[in-house]
Novice: 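Just passing along the structure, written as structure tokens.
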Amino acid sequence: MKPTALPQIQDFVISAITKTSPLMGQLALAESTRAVTTGNERLTPVEQLDIYREQFWLRHTGALEEDFVSVARLIGADAFHTLCASYIKAHPPQSYTLRDLGDRFAEFVSCTAPYKDDALLCDLCHVEWAFVEAFDAADAAPISAQKIAATPEDAWPNAVLALHPSMRLLTLRYPAHDVRITARTGDETSDAPLVRPPAQDTWLVVFRGPDTLKFIDIERDAFMLLSKLHAGTPLGLACEQTVTELGLSEAAFQAAVGAWFSSWTQWGWVTDLIV
Amino acid sequence: MGFRERHRIPDLGVGVGFRLPHYATVLGDKPPMDWFEVISENFMVEGGKPLENLTALSASYRVVPHGVSMSIGGSAPLSPVYLDRLQKVLERIAPPWFSDHLCWGGTASLNAHELLPLPMNAEVVRHVVERIKRVQDRFSVPFALENVSSYMAFQASSMQEFEFVCEVAEKSDSGILFDVNNIYVSYRNHGTDPMAYVDAIPKDRVVQIHLAGHTEKDRYVLDTHAGHVRDEVWDLYRRTIEKLGAVSTLVEWDDDIPEWDVLAAEAGKARALRNDILAKQPSTVTPASEGRA
């Protein structure tokens, strides 16, 4: 059948250019392509269409390569390209921007053999994506001293803290952020294998500072409280839950929490207090 | 009254694309350049450096957004999210016009991030015109579409490319972003007559011209925006300016991006050629030789 309506033609083209292997030699496709494209004296209809197929994979694999540099370095270029092809097949690009292409990459790797059992690799995917998201997240000014001072003492327990929109909180099994730095320092296209660090529970916050993207690995107890606040839990309840879940004494918690908040404010993480 | 006159489309002179390797030079040193084009989608974000950079750029230069993902010829509905975010970019920089491509980029279930050519016939003209009108209803800024380069031609086409481009522009009352390199690439890939193309384009609808390099492959030419503008494309540009007069021109260089000085020199070459031709047209006002900064 010769497709003439635009939706039919477009469905056909998309179906062809998203195939992972060259279109030449696929006999059934050659016949249907002749009904859609004309070819010329230098290129057959299938060869014309295959130019777009090749560009589709170059463009999308290249975009993932830019966003997941350390992942590619860890498993090698060939394996990474195969992984990208599987990912794109499973999660075809739908957003208008290539920036969103990797939004399900970490989730995909975490449930795809053989990579799902590689905890460092899975951690790296999450860390890389956190940087992508933090880069262009919404802006927000740090909370003012006046706002803090003007909040009545009895309002604090029920207050919800607004945290900077760029903050991404990650619980990791490896110090994957250090591996990311190594991979992105010097020659990013190097084939030299990355050194795998020993496992080490890590609580990482990726965020955007005034000038650059930053990350800080913080202690577990502080991370637990921060996670609850990040989820919108009121301050009083978040503190109570943290004390209970960690089995901390009230005194130990009180001694630590002031320093945590001081640091968080200094880093610009707290942007508002909703009472 | 023609499109350009009706919408008071200015001649911005000769500019270049605003690309990452040059951000520090452009925003820090503010070198002379008539104007900049930005890829709209790179700035359709919530916050952070991209928007800071766009604001800083537009404080020092004239800036025009150029999109790659509207998919004006697609069969899937135009994305309201996309249009909302584009609106914010337009509000931020208040450009004299904005543009995208006369092409399609995917279906409802997949965005190929590719400037795919359209079958060129009356039915597709109607389809595209209807969608352009919806975009024009949404935005108060004049809208232009660029002729794309292509590597395949459709059995369903019944028009020449220049006829298709002109008919879409006329029936939708939109502007044309005339990409001279794309015309050359299509000539090499499809044998279309580039000079006839230039001669057919309505003078009053062209709001902007694109120049770029391309890459020779074994049996076709790829529109890579890499390298210097080729001599054959300069010849076409000369003919285009002779016909269209003082139209804003933009040098695109997106692959193997060179040092700023090399890019600025390429824009300078276009400016010199343009000014030379315009100087022979007594009624035309030439732009300043030094760009705003």
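Chain letters run A, B, ... following the sequence lines, proteins first, then strands; residues in each count from 1.
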Novice: Check A:D136 with A:R208, please: is the shortest side-chain N to carboxylate O separation under 4.0 Å?
Specialist: no
Novice: What part of B:S157 is in contact with chain A, defined as an atom under 4.5 angstrom from a non-hydrogen atom: side chain, backbone, both or neither?
Specialist: neither
Novice: Shorter than 4.5 Å, heavy atoms on both sides: which option in B:L51, B:V81, B:T107 has the most such pairs with chain A?
Specialist: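 It is B:T107.
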Novice: Need one label for B:M70: side chain, backbone, both or neither, based on atoms under 4.5 Å from any heavy atom in chain A.
Specialist: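 For B:M70, there is no contact with chain A at all, as no heavy atom is under 4.5 Å.
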Novice: Select one option (side chain, backbone, both, neither) describing which atoms of A:N40 are under 4.5 Å from chain B's heavy atoms.
Specialist: side chain
Novice: Only pairs of heavy atoms separated by less than 4.5 Å count here; which of B:G105, B:G73, B:A108 has the most with chain A?
Specialist: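 Max contact count across the listed options: B:G73.
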Novice: Only pairs of heavy atoms separated by less than 4.5 Å count here; which of B:G67, B:A112, B:S69, B:S71 has the most with chain A?
Specialist: B:A112
Novice: Could you check whether B:R134 pairs with B:E130 (Lys NZ or Arg NE/NH1/NH2 to Asp/Glu carboxylate O, under 4.0 Å)?
Specialist: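 So B:R134 pairs with B:E130 through a salt bridge.
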Novice: Below 4.5 Å from any heavy atom of chain B, which atoms of A:S95 appear? Answer side chain, backbone, both or neither.
Specialist: backbone
Novice: List in chain and number order the residues that pass ring pair (Phe, Tyr, Trp, His ring centres under 6.0 Å) with B:H214, two or more places apart in sequence or in another chain; answer none if no residue qualifies.
Specialist: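 For B:H214 the ring pair (Phe, Tyr, Trp, His ring centres under 6.0 Å) partners, ignoring immediate neighbours, are B:Y184.
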Novice: Would you mind checking which part of A:L101 comes under 4.5 Å of any heavy atom in chain B, side chain (CB onward), backbone (N, CA, C, O), both or neither?
Specialist: neither
Novice: Side chain from CB out, backbone as N, CA, C, O: work out which of these in A:E41 comes under 4.5 Å of a heavy atom of chain B, or both, or neither.
Specialist: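 When you check distances to chain B, no heavy atom of A:E41 falls under 4.5 Å.
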Novice: Find the one option among B:L118, B:L222, B:V124 whose heavy-atom pairs under 4.5 Å with chain A are most numerous.
Specialist: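 Result: the option with the highest number of such pairs is B:L222.
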Novice: Among A:F68, A:F108, A:F80, A:W57, exactly one meets ring pair (Phe, Tyr, Trp, His ring centres under 6.0 Å) together with A:Y87. Which residue is that?
Specialist: A:F108
Novice: Testing B:R85, B:E41, B:H113 for side-chain hydrogen bond (donor to acceptor under 3.5 Å, both in side chains) with A:Y96, which one passes?
Specialist: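 Between A:Y96 and the candidates, side-chain hydrogen bond (donor to acceptor under 3.5 Å, both in side chains) is satisfied uniquely by B:R85.
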Novice: With a 4.0 Å cut-off on N to O distance, would you call B:E216 and B:R188 a salt bridge?
Specialist: yes
Novice: Where on A:R99 is there a heavy atom nearer than 4.5 Å to chain B: the side chain, the backbone, both, or neither?
Specialist: neither
Novice: Who among A:T212, A:L98, A:D211 has the most heavy-atom pairs with chain B under 4.5 Å?
Specialist: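 When all of A:T212, A:L98, A:D211 are compared, A:L98 has the most.
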Novice: Can you say whether the rings of A:F215 and A:F131 are parallel (under 30°), tilted (30 to 60°) or perpendicular (over 60°)?
Specialist: perpendicular
Novice: Under 4.0 Å between a Lys/Arg side-chain N and an Asp/Glu carboxylate O for A:R53 and A:D50?
Specialist: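 Yes, charged N to carboxylate O under 4.0 Å.
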Novice: Relative to chain A, which segment of B:E123 carries a heavy atom at a distance below 4.5 Å: side chain, backbone, both, or neither?
Specialist: side chain
Novice: Salt bridge check, B:K88 against B:E91: does any charged N sit closer than 4.0 Å to a carboxylate O?
Specialist: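 Looking at B:E91 and B:K88, the cut-off is not met.
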Novice: For the candidates B:G106, B:S79, B:G74, which exhibits the highest count of non-hydrogen atom pairs separated by less than 4.5 Å from chain A?
Specialist: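 Looking at each option in turn, the highest pair count goes to B:G74.
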